Amino acid sequence: MINRNPGKSKGVWQLKTRITELLGIEYPIICGGMFQVGRAPLAAAVSEAGGLGIITSKTQVTPEGLRDEIRKVKTLTKKPFAVNLNLFPSQTATPNDQFIDILIDEDVKIVETSGRSPESLMPKLKEHGFTVIHKVANVKNAISAEKLGVDAIIIVGNETGGHPGMGDVGTLVMLPRVVDSVTIPVIAGGGFSDGRGLISALSLGAEGIVMGTRFMATKEAPIHDNVKNWMVSANEMDTVVIQRNIGSPSRVALNAVSKEVEKLESEGATIEELIPLITGQRSKKVYFEGNLDGGIWSCGQSVGLIKEVLTVNDLLKQIVQEAKTSFEFIQNRVESIRT
């Protein structure tokens, strides 16, 4: 629901949805959980600016590493934030049960789950009163997650950076399909970077948006300036979906490594042949050393809409203003048609 809030100065908006109420946030804007990038500085900045920041447990490696990162967030903001629990297949074991114990100890109440079904984690999460947001890439998994008792769904279309699923269906179709199929709040992901996208998502039935790629190109994102500068200069054609052959498609930046992976897949490469190229550890060379060809790294098609590197606070203010302008544009168009 969009409130004009007449009690405040002209032009101030309130964007209230079930998601803002559920999570206790000001704006229905979430920073998606991103491997290596989902750290305290970015998560805290998003939460402090009125959205929901997320740190990624897998990035912290160990339960005590996660505890330390949670405490860093708490020194930077008193507002709600979340932790991502990664359920994707991994070369190294992911101690999610121990991660949850840390969340309980540190009084973190919101989790994002992604990868596979969160069924094995749900009893413990619900017993301890967590709000659970589960990320899916199709209608079937959204319905299943609702039956498990998750509190909200993130649905990502094919534009998304990271894992878009096997369906190749864009957000414009996938979002209303999921909205029509579940009763819990739905958050839209894949292709969102500005206020026009936020208004579009709300008009299609979403109650918030999740952005990953756009938040990477912010001053607080803990990655090298080479990456941010590349994103500003990139367009919507500068990403590619790889790993289809191994059943784990991933949209990543177009670079020397992703081109090599694409070539090998076309030649029928096995997972054993691909692992040296697709291992997530190589992305550290990109994110922290600024070597743009150091490894594969997640990047969505919304990169083509990024024109500048802003602070997170300025970005959220800009998105809200753009949303207001877009909403007024639609209103004026409707009024013009009526007259």
Side-chain angles (χ1 to χ4, degrees), residues 27-39 41-43 45-46 49-54 56 154 156-164 170-172 175 187-202 206 208-242 250-255 257-258 283 286-288 290-326:
Y27 306 126
I29 302 170
I30 296 172
C31 179
M34 295 179 282
F35 184 59
Q36 297 297 353
V37 184
R39 300 173 186 266
L42 179 58
V46 175
L52 182 76
I54 298 180
T56 45
I154 295 174
V156 293
N158 191 52
E159 303 93 329
T160 192
H163 298 279
T171 304
L172 186 64
L175 172 56
I187 303 159
F192 298 102
S193 69
D194 58 27
R196 296 171 298 179
L198 174 56
I199 287 295
S200 298
L202 296 176
I209 58 172
V210 60
M211 304 189 305
T213 300
R214 185 61 190 93
F215 278 120
M216 289 173 65
T218 58
K219 294 189 181 296
E220 291 88 347
I223 58 178
H224 200 282
D225 283 346
N226 287 357
V227 181
K228 299 177 187 181
N229 293 336
W230 179 90
M231 296 176 78
V232 171
S233 65
N235 65 48
E236 66 278 4
M237 301 302 293
D238 288 325
T239 72
V240 62
V241 177
I242 59 173
S250 182
R251 186 176 294 282
V252 299
L254 192 63
N255 65 7
V257 182
S258 60
S283 65
V286 180
Y287 292 137
F288 308 128
N291 179 358
L292 296 175
D293 290 316
I296 63 168
W297 53 285
S298 297
C299 184
Q301 289 180 330
S302 64
V303 71
L305 299 173
I306 297 173
K307 304 304 179 188
E308 57 185 334
V309 176
L310 299 170
T311 66
V312 166
N313 188 56
D314 285 345
L315 175 61
L316 262 65
K317 286 180 179 177
Q318 179 175 289
I319 289 173
V320 172
Q321 181 58 48
E322 289 170 344
K324 179 177 183 290
T325 300
S326 295

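Quantities reported herein were computed from a predicted structural model and do not represent experimental measurements.
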**Q** Could you list the residues that satisfy side-chain contact (heavy atoms from CB on, under 4.5 Å) with V210, not counting sequence neighbours?
**A** I30, I154, I187
**Q** Please tell me if the side chains of P164 and V156 come closer than 4.5 Å, counting only heavy atoms from C-beta onward.
**A** no
**Q** Within the structure provided, determine whether L316 and F215 are in side-chain contact (heavy-atom separation under 4.5 Å).
**A** yes
**Q** Once you round to the nearest 0.5 Å, how far does NE2 of H163 lie from CZ of R251?
**A** 12.5 Å
**Q** Does anything in residues 292-322 form a ring pair (Phe, Tyr, Trp, His ring centres under 6.0 Å)? List the pairs, not counting sequence neighbours.
**A** W230-W297
**Q** Within a strict 4.5 Å, meaning less than it, do heavy atoms of the I296 and S250 side chains meet?
**A** no
**Q** Please report the C-alpha distance between V46 and L52 in whole Å, then the side-chain angles of each, then the deciding distance to 0.1 Å, and finally whether the side-chain contact (heavy atoms from CB on, under 4.5 Å) criterion is met.
**A** CA-CA 6 Å; V46 175; L52 182 76; 5.6 Å; no
**Q** Which heavy-atom pair separates L42 from P222 by the least distance, and what is that distance?
**A** CB-CD, 4.1 Å
**Q** Which residues pass the side-chain hydrogen bond (donor to acceptor under 3.5 Å, both in side chains) test with S298, not counting sequence neighbours?
**A** none
**Q** Go through the steps to decide whether T213 and C299 satisfy the test side-chain contact (heavy atoms from CB on, under 4.5 Å), and finish with yes or no.
**A** CA-CA 6 Å; T213 300; C299 184; 4.1 Å; yes
**Q** Using a 3.5 Å cut-off and no angle test, enumerate the donor-acceptor pairs between side-chain atoms of residues 190-202 and protein atoms at least two apart in sequence or in another chain.
**A**
unit_1, atom_1, unit_2, atom_2, d
D194, OD1, R196, N, 3.2
D194, OD1, G197, N, 3.0
D194, OD2, R196, NE, 3.1
D194, OD2, R196, NH2, 2.7
S200, OG, R196, O, 2.8

**Q** Considering residues at least two apart in sequence or located in another chain, which fulfil the side-chain contact (heavy atoms from CB on, under 4.5 Å) criterion with L254?
**A** V240, S258, K259
**Q** Holding to side-chain hydrogen bond (donor to acceptor under 3.5 Å, both in side chains), I want the full list of residues that pass it with T171, two or more places apart in sequence or in another chain.
**A** E159
**Q** Quick one: does any side-chain atom of N229 pair with a main-chain N or O of N226 as donor and acceptor, under 3.5 Å?
**A** no
**Q** For the atom pair CG (N235) and CD (Q301), what is the distance rounded to the nearest 0.5 Å?
**A** 10.5 Å
**Q** Treating T56 as the side-chain partner and M34 as the backbone partner, does any N or O pair qualify as donor plus acceptor under 3.5 Å?
**A** yes
**Q** Among residues at least two apart in sequence or on other chains, which ones pass side-chain hydrogen bond (donor to acceptor under 3.5 Å, both in side chains) with N158?
**A** none
**Q** Taking side chain as C-beta onward, heavy atoms only, is I319 less than 4.5 Å from M211?
**A** yes
**Q** Evaluate whether atom NZ of K228 has more than 12 neighbouring non-hydrogen atoms of other residues, nucleotides or ligands under 6.0 angstrom away.
**A** yes
**Q** Does R39 have any salt bridge (charged side-chain N to carboxylate O under 4.0 Å, His left out) partners at least two apart in sequence or in another chain, and if so, which?
**A** none
**Q** Just to verify, what does H224 make a ring pair (Phe, Tyr, Trp, His ring centres under 6.0 Å) with, not counting sequence neighbours?
**A** none
**Q** Quick one: list whatever passes side-chain hydrogen bond (donor to acceptor under 3.5 Å, both in side chains) with R214, sequence neighbours left out.
**A** none
**Q** What pairs of donor and acceptor atoms, side-chain ones from residues 302-313 against any protein atom, are under 3.5 angstrom apart with sequence neighbours left out?
**A**
unit_1, atom_1, unit_2, atom_2, d
K307, NZ, G304, O, 3.4
T311, OG1, D314, N, 3.0
T311, OG1, D314, OD2, 3.3

